[in-house]
A.B. asks: 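Here you go, one structure.
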Amino acid sequence: MSEFKLITTEECEAATERLLETGAKVGADSWQMRVKNQTPHCKFGEQGVCCRICSMGPCRITPKAPRGICGCDAAGIVGRNFLRFTAGGAATHSDHGRSIAETLYEARPEGPYKVNDPEKLIRIAKEWGVETEGKDIYDLSKEMGYIAMAEYGKVFGYQNWVSRAPKHTQELWEKAEITPRAVDKEVSYAMHMTHMGNSSKAEALIRQSLRNGLSDGWGGSMTGTEFSDVLFGTPKPVDTEANLGVMKAENVNIIVHGHDPSLSEMICEYADSKEMQDLAKEVGAKGITIAGVCCTANEVAMRRGVPMAGNFLQQENCVLTGACEAMVVDVQCIFPAMGPLSKCFHTKFITTDDRCQQPDSEFIRFSPKTAEENAKKIVRMAVENFKNRKPELVHIPELKAKATVGYSVEAIVKQLDGVTNSQVDVTGTTKPLLECITSGALRGAVAMVGCNNPKVRPDSAHIDLMKKLIANDIVIIASGCSAQAAAKAGLMDKEAKAICGAGLKRVCELADIPPVLHMGSCVDISRMMILASELAKDSGLNISQLPVVGCAPEWMSEKAVSIGNYVVATGIDTFLGVDPYVSGSAEVAGLLTDGIRDWVEAAYTVEKDIEVLGDKMIARIEEKRAALGI
Ligand code: MSK
């Protein structure tokens, strides 16, 4: 009998309660308190029927006032809001990708940024029709960095990555007129369409929402993922730990938070240096612990095995331990609360990016050109801050779980090669995975993604759904804060096979994998699109026929809406546990949950009851299996 035991949501909540007691002693604010101040939420906003895109309003749609001052109806207002939500997310994700392309452009043999995966760079260059023969790898990285940046403003045609999609998917996009053009063009187009006096037809707005999402998933995000691999290495399985217990009371603790690995990689590099380790000892610490929060945690965990302190709603907890010398952030998902909260403790809150400037932070502008000196300055600042710690406030919850992370598509293909007894040489394809699915050992796969949201008991939807799915022989591929929820609970421990159905358990044993596979950060959902495409190509099926669905049960950000749109538009049914502010228009809601199926062979399901959401996903997977006769 296995002794494997998950860390429960109750244990995490008890740890949080204890940390909030420390917070209360020093007068700290918390998201838990702010939620109370902000609820109940505005009903007009929740339904998506509030319009403030011109100054004649704000207008709100009610049964008595069915049109805004300009005459726009609920469908137009809800559709425009949905498209603007998407554009915000696509712009944000894709701008992260642009930063990675800039870093690639700056890569040099002497560092600090180097090409770590030259084969991948050459492979992509060939894919993009760039001459590689006899070219120095750093000449090639400069050239590719430049081309990748130029893709964002490409004058004519579609994005380069589109050609990776299966032919059938590309044909669907063409027919639906949603093949993505340059990212910047699609974002501008969305903003233009939604300006006062432009589009108010729901169908047109949703079509552009899908195209804008695709410009992210098959554009900016894919650029972020692929060139991060080139620079920092394509992830392969590595052991790490997750949850707040990875912080160490005797060490200087530096939390890296945000998204762009260009910063966090350098921080890890210099924290490991003898100079900084010696300095840590000089100030009375035993060493330096780097731990991650949000997608930065995913980036450094899957390439370096750096432990993950927590996900989105756990960021304040890191400071509340009283043992955080520095919270170092780059972009996205950083609570503006971090500055005032840090002031209640000795923590240095260090912002580094012009696009994420926050009050009560120390701003150290970070750029690829000055990365070395910036990172050294930040690490030194953190180490020297150790002496300002107030020992009476230090409490680190003893919660941590083992996790094996880093399942890139390349790693999954390699790892599953040994599973089947197939006599066919399947090296380098997804055929072993397909064989597991057709044999019924695996019923299917779920891509679990997305954030935490106080509207859902933190992590509970991710974890409950994962437990239910793996018990039903459905393998999970997770990214973003969903991946960290799994890691924190112990679902990425290989021993978690103990709570799987017999088929998945057998696959985990044979392939030596955990049942929940860590695929990276939120830009890395583009990896899932590549995996789905490869599965379709190797099986001869369309993506929409595969027994695969997507799920974001606790999503909260604009980026998640952009992701949802590109996942659905790629042909994968997507299940949401939080409403995307469209309930105010039956026409828009109907398009998203049904109508778009005519264009892209997939649609959304929104279901707040998590148990029912899980049942619906399993039913959908079984429906797809039945349609295939497997
Ligand atoms: S960090 S977008 S809370 S997944 Fe990528 Fe997590 Fe969502 Fe931010």
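Just follow the structure's listing: the first ligand is 1, and inside any ligand the first atom is 1.
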A.B. asks: Distance under 6.0 Å and angle within 45° of the ring axis: does Arg620 meet both against Phe575?
C.D. replies: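 Ring-cation test returns no.
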A.B. asks: I need the nearest protein heavy-atom contact for atom 6 (Fe) of ligand 1: residue, atom name and distance, please.
C.D. replies: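 Among all protein heavy atoms, the one nearest atom 6 (Fe) of ligand 1 is Cys481 SG, 2.2 Å.
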A.B. asks: Near Cys295, which atoms of ligand 1 are under 4.0 Å from a heavy atom of that residue?
C.D. replies: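 Taking each heavy atom of Cys295 in turn, ligand 1 has 1 (S), 5 (Fe) under 4.0 Å.
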A.B. asks: Would Glu410 and Lys236 pass as an ion pair if we require N to O under 4.0 Å?
C.D. replies: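 Here Glu410 does not pair with Lys236 in a salt bridge, since their nearest N and O are not under 4.0 Å apart.
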A.B. asks: Decide, yes or no, whether a salt bridge links Arg365 with Asp354 under the criterion of side-chain N to carboxylate O below 4.0 Å.
C.D. replies: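 Looking at Arg365 and Asp354, the cut-off is met.
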A.B. asks: Among the heavy atoms of Ala560, does any lie under 4.0 Å from an atom of ligand 1?
C.D. replies: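 Outside the 4.0 Å threshold, so no.
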A.B. asks: Do you see an N/O/S atom of Cys333, backbone or side chain, under 2.8 Å from atom 8 (Fe) of ligand 1?
C.D. replies: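 Yes, within the cut-off.
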A.B. asks: Thr103 and Ser262: side-chain donor and acceptor closer than 3.5 Å?
C.D. replies: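 A donor-acceptor contact under 3.5 Å links the two side chains.
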A.B. asks: Ser479 and Asp524: side-chain donor and acceptor closer than 3.5 Å?
C.D. replies: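 Result is no, nothing qualifies.
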A.B. asks: Just to be sure I read this right, does ligand 1 sit under 4.0 Å from the backbone of Ser557, its side chain, both, or neither, counting only heavy atoms?
C.D. replies: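 Answer for Ser557: side chain.
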A.B. asks: What protein heavy atom sits nearest atom 7 (Fe) of ligand 1, and how far away is it?
C.D. replies: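 Its nearest protein heavy-atom neighbour is Cys451 SG, 2.4 Å.
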A.B. asks: Provide the number and element of each atom of ligand 1 under 4.0 Å from a heavy atom of Cys294.
C.D. replies: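 Checking each atom against Cys294, I get 1 (S).
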A.B. asks: Heavy-atom contact under 4.0 Å between Met556 and ligand 1?
C.D. replies: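 Met556 counts as a contact of ligand 1 under the 4.0 Å cut-off.
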A.B. asks: Report, in ascending order of atom number, the atoms of ligand 1 lying under 4.0 Å from any heavy atom of Phe312.
C.D. replies: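 Near Phe312, the atoms of ligand 1 are 3 (S).
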A.B. asks: Any salt bridge linking Glu11 with Lys488? Criterion: basic side-chain nitrogen under 4.0 Å from a carboxylate oxygen.
C.D. replies: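 The answer is no: the pair does not qualify as a salt bridge.
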A.B. asks: Are the charged groups of Asp184 and Arg98 less than 4.0 angstrom apart, N to O?
C.D. replies: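 Counted as a salt bridge, because a side-chain N and a carboxylate O are separated by less than 4.0 Å.
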A.B. asks: Report the member of Gln332, His259, His93 with the shortest heavy-atom distance to atom 1 (S) of ligand 1.
C.D. replies: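 The residue whose heavy atom sits nearest atom 1 (S) of ligand 1 is His259.
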A.B. asks: Are the charged groups of Asp330 and Arg355 less than 4.0 angstrom apart, N to O?
C.D. replies: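 Looking at Arg355 together with Asp330, the answer is no, because their closest N to O distance does not fall below 4.0 Å.
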A.B. asks: Yes or no: does Ser521 have any heavy atom under 4.0 Å from an atom of ligand 1?
C.D. replies: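 It does not; every heavy atom stays at 4.0 Å or beyond.
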